[in-house]
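Below is one structure; the comments refer to it alone.
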Amino acid sequence: MFLVGLSGGIASGKSTVVSILRELGCAVIDADVIARQVVQLGTPAYNQIVHHFGEEVLLKSGELDREKLGTLVFSSPEKRALLNSITHPPIRKAMLRQTLRYFFLGYRYVILDIPLLFETRTLMRYMKLAVLVYCDPQTQVERLIRRSGLSKEEVQNRLAAQLPIDSKLPLADHVIDNSGDRDSTRRQVLQLHAKLESSLGYLPTRIAAVAMAAGLVALMWHLVRRLWQ
């Protein structure tokens, strides 16, 4: 198996690309979904967030008020770093578990949908391919305002928490330009899918795994024979 990192910017249309990849049968691990799961009511990360940020970031139900917490951390780099230090370790553990599951199910590659892939850099070393979902900055701002209802200042705060999308272009191995319509995006995703399907990048890992399994079987057979002698 090999890993494909998929990232973009806020409102660049990454969800559209992911939905098309899933239609094509690709294994996709969504870090955003996992991020919501690891902070559910009663989890260790939830308890740490309440301890550090207070009960004002909670809804009446006791669950996290994601909008309020987002406004808080996007206006403060220190608070954002604190939140990341709480949530990133359990997110990475969950992603690793899901990746191993797909490996044992026989998938040749897994796509990891990671919003801050290019910002953190720590996971880039594990990716055979880094894919950027791009749209021009003006379109990005317009989409985010239209989608979220945030003020222009709040939008700028959220965009400032990520690398400018244009600066991510040289870091990517493959770019999907989502500035146009869905049909244009779909054609580009189909090209990416064909590239992934034809890749043999999974072979070294798969061969190593088979060799290791064969070695374990041989060792167990040797031990069994000795026990019966």
>> Using every non-hydrogen atom in the two residues, find where Tyr107 and Gly25 come nearest and quote the distance to one decimal.
In response: CE2-O, 4.1 Å

> What heavy-atom pair brings Gly5 and Met127 nearest, and what distance separates the two atoms?
Replying inline: N-SD, 3.5 Å

> Ignoring hydrogens and geometry, is there a side-chain-to-backbone donor-acceptor pair from Ser7 to Pro115 under 3.5 Å?
Replying inline: yes

>> Could you tell me if the side chain of Tyr109 sits less than 4.5 Å from the side chain of Ser199, heavy atoms only?
In response: no

> How many angstroms lie between atom CD1 of Ile20 and atom CZ of Arg187, to the nearest 0.5 angstrom?
Replying inline: 11.0 Å

> Can you name the closest pair of heavy atoms from Ile29 and Met95 and give their distance?
Replying inline: CD1-O, 3.9 Å

>> I need the Glu23 CD to Arg186 CZ distance, nearest 0.5 Å.
In response: 5.0 Å

> Got a donor-acceptor contact below 3.5 angstrom from the Glu119 side chain to the Gln162 backbone?
Replying inline: no

> Donor-acceptor pair, Ser85 side chain versus Leu82 backbone, under 3.5 Å?
Replying inline: yes

> Does Cys135 offer a backbone N or O that forms a donor-acceptor pair with the side chain of Ser12 under 3.5 Å?
Replying inline: no

>> The test is side chain to side chain contact (heavy atoms under 4.5 Å, CB included); show your working for Arg92 and Thr122 and say whether it passes.
In response: CA-CA 11 Å; Arg92 287 172 182 159; Thr122 54; 3.4 Å; yes

>> Less than 4.5 Å apart, side chain to side chain, heavy atoms only: is that true for Lys93 and Pro90?
In response: no

>> Check for me, please, whether Met124 and Tyr134 land in the same ILVMFWY cluster - side-chain distances under 4.5 Å, paths through other members count.
In response: yes

> Heavy-atom distance under 4.5 Å between the side chains of Val4 and Lys128, does that happen here?
Replying inline: no

> Any side-chain heavy atom of Ile111 within less than 4.5 Å of one from Leu196?
Replying inline: yes

> From Tyr102 OH over to Leu112 CG, what is the distance, rounded to the nearest 0.5 angstrom?
Replying inline: 10.5 Å

> Which of these passes side-chain hydrogen bond (donor to acceptor under 3.5 Å, both in side chains) with Asn178: Thr16, Thr185, Asp136, Thr139?
Replying inline: Thr185

> What distance separates Thr71 OG1 from Glu67 CD, expressed to the nearest 0.5 Å?
Replying inline: 5.5 Å

>> A side-chain contact here means heavy atoms from C-beta on lying under 4.5 Å apart; do Asp30 and Arg22 qualify?
In response: yes

> What are the two closest non-hydrogen atoms of Ile165 and Gln140, and how far apart are they?
Replying inline: CG2-OE1, 3.8 Å

> Step by step, would you call Asp32 with Asp113 a side chain to side chain contact (heavy atoms under 4.5 Å, CB included)?
Replying inline: CA-CA 8 Å; Asp32 273 341; Asp113 177 359; 5.8 Å; no

>> Count I, L, V, M, F, W, Y as connected when their side-chain heavy atoms are under 4.5 Å apart, and connections chain through other members. Are Leu21 and Val33 then in the same cluster?
In response: no

>> Which residue in the set Val38, Leu58, Thr87 passes side-chain contact (heavy atoms from CB on, under 4.5 Å) when paired with Tyr46?
In response: Leu58

> Just how far is it from atom CD of Gln156 to atom CD of Glu153, taken to the nearest 0.5 Å?
Replying inline: 9.5 Å

>> Between Val110 and Phe103, is there a side-chain heavy-atom distance shorter than 4.5 Å?
In response: no

> In terms of hydrophobic clusters joined by side-chain contacts under 4.5 Å, are Ile34 and Leu41 together?
Replying inline: yes

> Between Gly8 and Lys168, which heavy-atom pair has the shortest distance, and what is it?
Replying inline: O-NZ, 2.6 Å

>> Can you tell me how far apart CD (Glu55) and CG (Asp65) are? Round to the nearest 0.5 Å.
In response: 13.5 Å

>> Which heavy atom of Phe74 sits nearest to which heavy atom of Arg158, and what is that distance?
In response: CD1-NE, 3.7 Å

>> Under a 3.5 Å cutoff, is there a donor and acceptor pairing between the side chains of Ser75 and Asn157?
In response: no

>> So Leu132 and Leu117, do their side chains get closer than 4.5 Å, heavy atoms only?
In response: no

>> Test question: given the 4.5 Å side-chain rule for I, L, V, M, F, W and Y, name all other residues clustered with Ile10, or answer none.
In response: Val141, Leu144, Ile145, Leu150, Val155, Leu159

>> Using the rule that Ile, Leu, Val, Met, Phe, Trp and Tyr join whenever any side-chain heavy atoms are under 4.5 Å apart, tell me whether Leu169 and Leu171 fall into a single cluster.
In response: yes

> Honestly curious: do Leu96 and Leu116 fall in one hydrophobic cluster under the side-chain, below-4.5 Å linking rule?
Replying inline: no

> Do the non-hydrogen side-chain atoms of Gln40 and Arg36 ever get within less than 4.5 Å of each other?
Replying inline: no

>> I'd like to check the side-chain hydrogen bond (donor to acceptor under 3.5 Å, both in side chains) partners of Thr99; sequence neighbours left out, ordered by chain and number.
In response: none

> Do you see a donor-acceptor pair shorter than 3.5 Å between the side chains of Glu154 and Ser151?
Replying inline: yes

> Taking only residues two or more places apart in sequence, or in another chain, which ones meet Asp173 in a side-chain contact (heavy atoms from CB on, under 4.5 Å)?
Replying inline: Leu129, Ala130

